K.L.:
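To start, I am sharing the structure in question, which I have written as structure tokens.
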Amino acid sequence: MKFSGYTLISSFTPFHCIPLKKPRRLPLDINFKTASKIRRLSTYNQKQQNHCKAEMVVAKYPPPLFSVAPMMEWTDVHYRTLARLISKHAWLYTEMLAAETIVYQEANLDRFLAFPPEQHPIVLQIGGNNLDNIAKATKLANAYNYDEINFNCGCPSPRVAGHGCFGVRLMLDPKFVGEAMSVIAANTDVPVSVKCRIGVDDHDSYNELCDFIYKVSALSPTRHFIIHSRKALLNGISPADNRKIPPLKYEYYFALLRDFPDLKFTINGGINCVDEANAALKAGAHGVMVGRAAYHNPWNVLGHVDTAIYGAPASGLTRRQILEKYQVYGDAILGTYGNDRPNVRDVIKPILGFFYFEPGNSLWKRKADAAFLRCKTVKSFFEEALVAIPDRVLDSTITEAPMGREDLFANVEGILPPPYETREEELVYA
């Protein structure tokens, strides 16, 4: 199956830069002024180069109107293979990879970075807080031809934002994020982006979010931000609760569209189906990112992306045909990492939600549990477990898209926060 690129939507235009404002507060000596001008010229040149990178990617693939969120231990190469079999046009993200992992696993990079060419367009998400390792990781990833590099400033996991001191904690240090994004952009030939929340703990005002966006975009070539429309709470709650307890504030996202017209923003959080994704796009969103709904119910979510979002004709594929293609992939990759990995359980994991809400789904999962104990190939697993699913389900094509919440963004324009006013403060470079 070959992915064919399109240029379906022209409205996702190449990104434009926000010019830095001239500092006015403190007199500077001539040497510092000269150095500052050189640094600004370097940043401007980086931004211009990033424009060209974005143009090349947009010309090759449809724009990221719909993407599947990076999810640790979920959006691995196996899930992405299934996702691409269902949707040709959704943008796919890797799991977050720590820059240190990429650097220290240089002799074993295929296991972490390799992917079938059919998975384009695909974005590599990296995380970290060491600029040298971020630079090295970006260079090492270049050989794998990802379509974009995304920097994680949104993960609230204690392992990442706590002990690791990166992820969403980096929202408290926009200067470092700007430096990291400049380092990434300087070491890759593809566009760069940031995924973040709308705030952290008590740093959750709209102005603080805008300060972060303004500083990162002013200090680096970053022109695309993916905004998870909840803040993160770093003390006392789990990552799962961080996806539910902090309230969604879509008004922050739509206010960013108003206050930063030269940037591109993708909305994330609480959007569970294509109908709701289209509602966000109609309300003005530049793009929509969906996470767990696309993992737990891939057929009914991803199966409508190409037609309902991108206007492409339906593929006409049935679940059985998708599984036949996936079986070929699965049996070919078994054991290729060494030490019997990936095994059948690893490869089948993304398939377990394939019959969500369909007749036979519960029996399919019980048979899958039993088959894991005996089956050594994907083919034998399917032969044993798929008897639970009626033929009419296996041989049906995508049906009508499920209805979403029609009022999800209905009143957002009436509750936007006041416009952000850029503070005339000097952006100090390292």
Side-chain angles (χ1 to χ4, degrees), residues 1 68-87 92-98 101 105 108-116 118-119 122 125 155 157 159-160 238-240 243 290-303 318-390 393-394:
M1 185 182 77
V68 178
M71 293 175 280
M72 293 289 289
E73 300 182 355
W74 286 14
T75 50
D76 58 14
V77 67
H78 314 310
Y79 170 78
R80 297 193 311 265
T81 296
L82 173 66
R84 183 57 74 222
L85 288 172
I86 301 172
S87 168
L92 305 178
Y93 279 63
T94 67
E95 306 170 84
M96 184 195 72
L97 280 173
T101 299
Q105 293 287 339
N108 192 29
L109 283 182
D110 281 0
R111 175 170 182 178
F112 296 91
L113 293 176
F115 61 90
E118 291 83 5
Q119 287 188 10
I122 180 172
Q125 187 184 70
C155 180
S157 164
R159 185 175 60 175
V160 173
S238 67
R243 295 190 296 271
V290 175
R292 279 154 180 75
Y295 188 93
H296 291 308
N297 190 8
W299 180 254
N300 284 319
V301 174
L302 297 178
T318 66
R319 279 189 176 95
R320 191 190 301 274
Q321 291 170 317
I322 296 290
L323 292 177
E324 287 170 351
K325 293 174 183 288
Y326 190 77
Q327 177 192 310
V328 173
Y329 159 80
D331 281 330
I333 202 171
L334 287 176
T336 55
Y337 301 164
N339 296 321
D340 195 35
R341 303 300 294 270
N343 55 33
V344 170
R345 186 182 293 272
D346 297 328
V347 174
I348 293 298
K349 181 182 173 184
I351 293 285
L352 293 176
F354 202 49
F355 302 106
Y356 184 84
F357 256 74
E358 294 288 355
N361 181 54
S362 296
L363 180 58
W364 146 257
K365 291 186 176 179
R366 291 197 299 273
K367 285 189 170 292
D369 287 339
F372 284 139
L373 301 176
R374 293 186 290 272
C375 297
K376 301 299 182 183
T377 66
V378 176
K379 180 179 180 181
S380 62
F381 177 92
F382 282 160
E383 288 173 348
E384 181 168 331
L386 283 177
V387 296
I389 304 300
V393 174
L394 287 169

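Please read these numbers as outputs of a predicted model, since none were measured by experiment.
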K.L.:
Please list all pairs passing the salt bridge (charged side-chain N to carboxylate O under 4.0 Å, His left out) test where one or both residues lie in residues 346-359, with sequence neighbours left out.
P.N.:
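The answer is Arg319-Glu358, Arg341-Asp346.
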
K.L.:
Indicate the atoms forming the closest heavy-atom contact of Thr94 with Pro70, along with that distance.
P.N.:
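The pair with the smallest heavy-atom distance is O-CB, 3.0 Å.
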
K.L.:
Look at the rings of His296 and Trp74 and say which category their plane angle falls in: under 30° parallel, 30 to 60° tilted, over 60° perpendicular.
P.N.:
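His296 and Trp74: perpendicular rings.
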
K.L.:
Determine whether Glu384 and Lys367 make a side-chain contact, defined as any pair of heavy atoms from C-beta on separated by less than 4.5 Å.
P.N.:
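Counting from C-beta outward, Glu384 and Lys367 never come under 4.5 Å.
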
K.L.:
Heavy atoms only: give me the nearest Thr75-Ala69 pair and the separation to one decimal.
P.N.:
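So the minimum-distance heavy-atom pair works out to CG2-O, 3.3 Å.
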
K.L.:
Would you say the side chain of Phe354 lies within less than 4.5 Å of the side chain of Ile389, judging by non-hydrogen atoms?
P.N.:
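Not touching, per the 4.5 Å side-chain cut-off.
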
K.L.:
Strictly distance-based, threshold 3.5 Å: is any side-chain N or O of Arg84 a donor or acceptor partner for the main-chain N or O of Gln119?
P.N.:
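Yes: the side chain of Arg84 pairs with the backbone of Gln119.
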
K.L.:
How far does CZ of Arg320 sit from NZ of Lys325, to the nearest 0.5 angstrom?
P.N.:
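If I round to the nearest 0.5 Å, the distance is 14.5 Å.
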
K.L.:
Just wondering, do Glu383 and Lys379 contact through their side chains at under 4.5 Å, heavy atoms?
P.N.:
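A side-chain contact under 4.5 Å exists here.
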
K.L.:
Taking all heavy atoms of Val68 and all of Met71, pick out the closest pair and write down the distance.
P.N.:
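In terms of heavy atoms, the two residues are closest at CG1-CE, 4.2 Å.
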
K.L.:
Show your reasoning for whether side chain to side chain contact (heavy atoms under 4.5 Å, CB included) applies to Asn343 and Phe372.
P.N.:
CA-CA 10 Å; Asn343 55 33; Phe372 284 139; over 6 Å; no

K.L.:
State the CD1-CH2 distance between Ile322 and Trp299, to the nearest 0.5 angstrom.
P.N.:
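The CH2 atom of Trp299 is 5.5 Å from CD1 of Ile322, to the nearest 0.5 Å.
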
K.L.:
How close do Val378 and Ile348 get, counting heavy atoms only, and between which atoms?
P.N.:
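That closest heavy-atom pairing would be CG1-CD1, 4.1 Å.
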
K.L.:
Rounded to the nearest 0.5 Å, how far does CD of Glu118 lie from CG of Leu85?
P.N.:
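Here the rounded value is 8.5 Å.
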
K.L.:
Quick check: closest heavy atoms across Pro390 and Pro359, and the distance to 0.1 Å?
P.N.:
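Taking Pro390 first and Pro359 second, the nearest heavy atoms are CD-O, 3.3 Å.
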
K.L.:
Which distance, rounded to the nearest 0.5 Å, do you find between the CH2 of Trp364 and the CG of Leu386?
P.N.:
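One gets 5.0 Å once the value is rounded to the nearest 0.5 Å.
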
K.L.:
Drop me the distance from Glu73's CD to Tyr79's OH, to the nearest 0.5 angstrom.
P.N.:
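The CD atom of Glu73 sits 16.0 Å away from the OH atom of Tyr79.
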
K.L.:
Taking the side chain as every heavy atom from C-beta outward, state whether Gln105 and Arg111 have any pair of such atoms under 4.5 Å apart.
P.N.:
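Gln105 vs Arg111: side chains apart.
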
K.L.:
Evaluate the side-chain proximity of Phe381 to Val347: yes if any heavy-atom separation is below 4.5 Å, no if none is.
P.N.:
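With C-beta onward as the side chain, the pair stays apart.
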
K.L.:
List the steps and the verdict of side chain to side chain contact (heavy atoms under 4.5 Å, CB included) for Leu113 and Leu97.
P.N.:
CA-CA 9 Å; Leu113 293 176; Leu97 280 173; 3.6 Å; yes

K.L.:
Under a 3.5 Å threshold, yes or no: a donor from one side chain and an acceptor from the other, between His78 and Tyr326?
P.N.:
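His78 vs Tyr326: no donor-acceptor pair found between side chains.
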
K.L.:
Under the criterion side chain to side chain contact (heavy atoms under 4.5 Å, CB included), I'd like the reasoning laid out for Leu363 against Phe355: C-alpha separation, chi angles, the key distance, then a yes or no.
P.N.:
CA-CA 11 Å; Leu363 180 58; Phe355 302 106; over 6 Å; no

K.L.:
Going through the checks in order, is the side chain to side chain contact (heavy atoms under 4.5 Å, CB included) test met by Tyr295 and Val301?
P.N.:
CA-CA 9 Å; Tyr295 188 93; Val301 174; over 6 Å; no

K.L.:
Where is the tightest heavy-atom contact between Val344 and Thr377, given as atom of each residue plus distance?
P.N.:
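Reported closest heavy-atom pair: CG2-N, 3.7 Å.
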
K.L.:
Is the backbone N or O of Val77 less than 3.5 Å from a side-chain atom of Thr81, with the two atoms forming a donor-acceptor pair by type?
P.N.:
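Between the backbone of Val77 and the side chain of Thr81 there is a qualifying donor-acceptor contact (under 3.5 Å).
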
